[in-house]
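Report on the following structure.
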There are 4 protein chains.
Amino acid sequence: MFSVDPSDPTPVYAQLEQAIRGMITTGQLIPGDKLPTVRGLSKDLGLNTNTVARVYAELEQAGVVVTKRGAGTFVREAPPAPPQLERDKERELRPLVDRLLADASILGYTMSEVVHYMRALEVRHHLKEKA
Amino acid sequence: MFSVDPSDPTPVYAQLEQAIRGMITTGQLIPGDKLPTVRGLSKDLGLNTNTVARVYAELEQAGVVVTKRGAGTFVREAPPAPPQLERDKERELRPLVDRLLADASILGYTMSEVVHYMRALEVRHHLKEKA
Amino acid sequence: MFSVDPSDPTPVYAQLEQAIRGMITTGQLIPGDKLPTVRGLSKDLGLNTNTVARVYAELEQAGVVVTKRGAGTFVREAPPAPPQLERDKERELRPLVDRLLADASILGYTMSEVVHYMRALEVRHHLKEKA
Amino acid sequence: MFSVDPSDPTPVYAQLEQAIRGMITTGQLIPGDKLPTVRGLSKDLGLNTNTVARVYAELEQAGVVVTKRGAGTFVREAPPAPPQLERDKERELRPLVDRLLADASILGYTMSEVVHYMRALEVRHHLKEKA
DNA sequence: GTGGTCTAGACCACG
DNA sequence: GTGGTCTAGACCACA
């Protein structure tokens, strides 16, 4: 379900947190969905339970998920986005985009291919929302 | 010129490496261009010279740049892309894109905004190539 | 176990890397074997932990060893040798052999002595394999 | 004539010195032979003349070559080998052999192939001596 | 002045 | 306890 790359220099706890947030942002997980149990997920990913528990705790503190004792961990309703209208995209988005393009270029993808793929993803996302 | 965020759990050396690779794949750095000096860049970014030197060394070993002893570090000609014709984009690109969207969503950006920004970047890239 | 000579102009990290690779190709270290800990080896050799860690990191990136987080560093299965059938030994091996003979001659060894020693090493290697 | 690899971490001055000593040890340069001029060799190898001059100076000081003002630099008669009978080959030769085997293994050669090649070289060397 | 090597010593991620 | 990251600061190789 989620994937973690032990050879990535980013700490695995950060990778896992990003993976979960990513699945929420892209609609693969929606509010109310149940996350895997800490023990199950740590076994699947070959991680220590402490590591997974730490991620869930951080996500809970960030208000992304909620843990119901005895029931499990669930995706919360998305909080209203901060209403900042004017953003410095060049400063904020640029490093994130650079990272994507850098990683993709190592795999042999060009900038055009990546953007093309993302446009396709976006369309899929919109269709799903309307359904 | 480049930017790193010390509060990002990704190691700064990895951030810097990604930033440089990103500038190459987006055409802001082209083969033959000279990178900033190790000392100059480390001062600009508030990093230790060792950290920058490590990035340059890794990029050199990856064949992305070439360093001429006593002269500086330069962007190399791009190697021929790996010849895999059919790629499993869903498996290869998806996690990278998810990570981008996850990080962007924390900043309050939607999927549409990110894709829109990247399309603008791509257009800029093409214009530069034709110039 | 390993040895480095600080008066050798070859950087000590390179010497150590060569020593480890040498022990693998001569069969003194086999896949699955655990390397000494970074701290233990650096103490034994009188080096800084960073220097040893750098060597392990380079060997990892080269695919020679694998490090399991929190557990240690281990020799990997040898990757399949590159499939080049006809090699230009004269061009590829000659400089490496010349370097060995040059260094040995400074110590007063003749070509015959060196070759004789290597044949003995090879025999030891074969005996070990059969055992 | 000589070769130097700028991507080798060993300093080029040390590489060049080893290359020259190697050609003497293996009989490709014999006493009385004239070495290339400093300027010619530095141009051929793409090095600074200072670097080559440094090597010649070190070889001269070591008694390996002799410089005749206005005439050039020449290989000297080999000095009598130091008469140490009992040597700790394991300690002295081992690191040198490990380096060779390590470098050769990166190129895909096995221990046997290297030893076999060296035995062939040795035979060639003996034949040349008798001629 | 350019990049490269090394040390001492601190702090982090993971099991 | 394991390896990984980073800093401060010294010294070396090369043009």
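Reckoned from all heavy atoms, side chains included, excluding hydrogens, waters and symmetry mates. All chains are named by letter (A, B, ...) in the order of the sequence lines, taking the proteins before the strands, and each is independently numbered beginning at 1.
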Would you indicate what C/Thr73 reaches in the nucleic acid, counting non-hydrogen atoms under 4.0 angstrom: base, sugar-phosphate, or nothing?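 The answer is sugar-phosphate, as C/Thr73 gets under 4.0 Å only of primed atoms, P, OP1 or OP2.
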Non-hydrogen side-chain atoms of B/Leu100 and B/Leu96 separated by less than 4.5 Å: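 A side-chain contact is absent here, since even the closest heavy-atom pair is not under 4.5 Å.
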Minimum side-chain heavy-atom gap A/Leu16-A/Val12 below 4.5 Å: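 The answer is no, as the side chains (C-beta and beyond) never meet within the 4.5 Å cut-off.
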By nearest nucleotide on DNA chain E, pick out whichever of C/Ala71 and B/Ala53 is the more 5' one.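 Upstream on the strand: B/Ala53.
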Side chains of B/Thr25 and A/Ser105, donor plus acceptor under 3.5 Å: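 Looking only at side-chain atoms, A/Ser105 and B/Thr25 do not form any donor-acceptor pair under 3.5 Å.
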Let me check something: any side-chain donor-acceptor pairs from residues 34-43 of chain C under 3.5 Å, sequence neighbours excluded? List them with distances.
from	atom 1	to	atom 2	distance (Å)
C/Thr37	OG1	C/Gly40	N	2.9
C/Ser42	OG	C/Val38	O	2.9
C/Ser42	OG	C/Arg39	O	2.9

Salt bridge (charged side-chain N to carboxylate O under 4.0 Å, His left out) contacts touching residues 4-25 of chain B (sequence neighbours left out):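 Output for this query lists B/Glu17-B/Arg21.
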Just grab all the salt bridge (charged side-chain N to carboxylate O under 4.0 Å, His left out) pairs involving residues 55-65 of chain D, residues at least two apart or on different chains.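 For residues 55-65 of chain D, and leaving out neighbouring residues, the salt bridge (charged side-chain N to carboxylate O under 4.0 Å, His left out) pairs sorted by first residue read D/Arg54-D/Glu58.
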Please report the distance, rounded to the nearest Å, between [atom1] in [X] and [atom2] in [N].
X       : N      : atom1 : atom2 : value
B/Asp5  : F/dT5  : CG    : P     : 17 Å
C/Leu41 : F/dG4  : CG    : C1'   : 17 Å
B/Leu45 : F/dT7  : CG    : C1'   : 15 Å
B/Lys43 : F/dA8  : NZ    : P     : 14 Å
B/Leu35 : E/dG3  : CG    : P     : 9 Å
B/Glu60 : E/dT2  : CD    : P     : 17 Å
A/Gln15 : E/dC14 : CD    : C1'   : 13 Å
B/Glu17 : F/dT5  : CD    : C1'   : 14 Å

Intra- and inter-strand pairing of DNA chain F, written as dot-bracket with Watson-Crick and G-U pairs under 3.5 Å and | for the latter, reads ||||||||||||||.
Can you check nucleotides 12-14 of chain F for protein contacts, nitrogen or oxygen pairs under 3.5 Å, and list what you find?
from	atom 1	to	atom 2	distance (Å)
F/dC14	OP1	D/Val12	N	2.4

All salt bridge (Lys or Arg N to Asp or Glu O under 4.0 Å) counterparts of A/Arg91, not counting sequence neighbours: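 Result, salt bridge (Lys or Arg N to Asp or Glu O under 4.0 Å) vs A/Arg91: A/Asp88.
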Whichever of C/Pro36 and B/Asn50 has its nearest DNA chain F nucleotide further upstream toward 5':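 The residue closer to the strand's 5' end, by nearest nucleotide, is C/Pro36.
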Between C/Gly72 and D/Gly46, just flag the one whose closest nucleotide in DNA chain F comes earlier from the 5' side.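 By nearest-heavy-atom nucleotide position, the 5'-most residue is C/Gly72.
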If we ignore hydrogens and angles and just use 3.5 Å, is the side chain of A/Gln15 paired with the main-chain N or O of A/Thr10 as donor and acceptor?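 Checked: pair present.
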Any donor and acceptor pair, going by atom type alone, linking the side chain of B/Arg99 with main-chain N or O of A/Gln18 inside 3.5 Å?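 No; zero donor-acceptor contacts below 3.5 Å.
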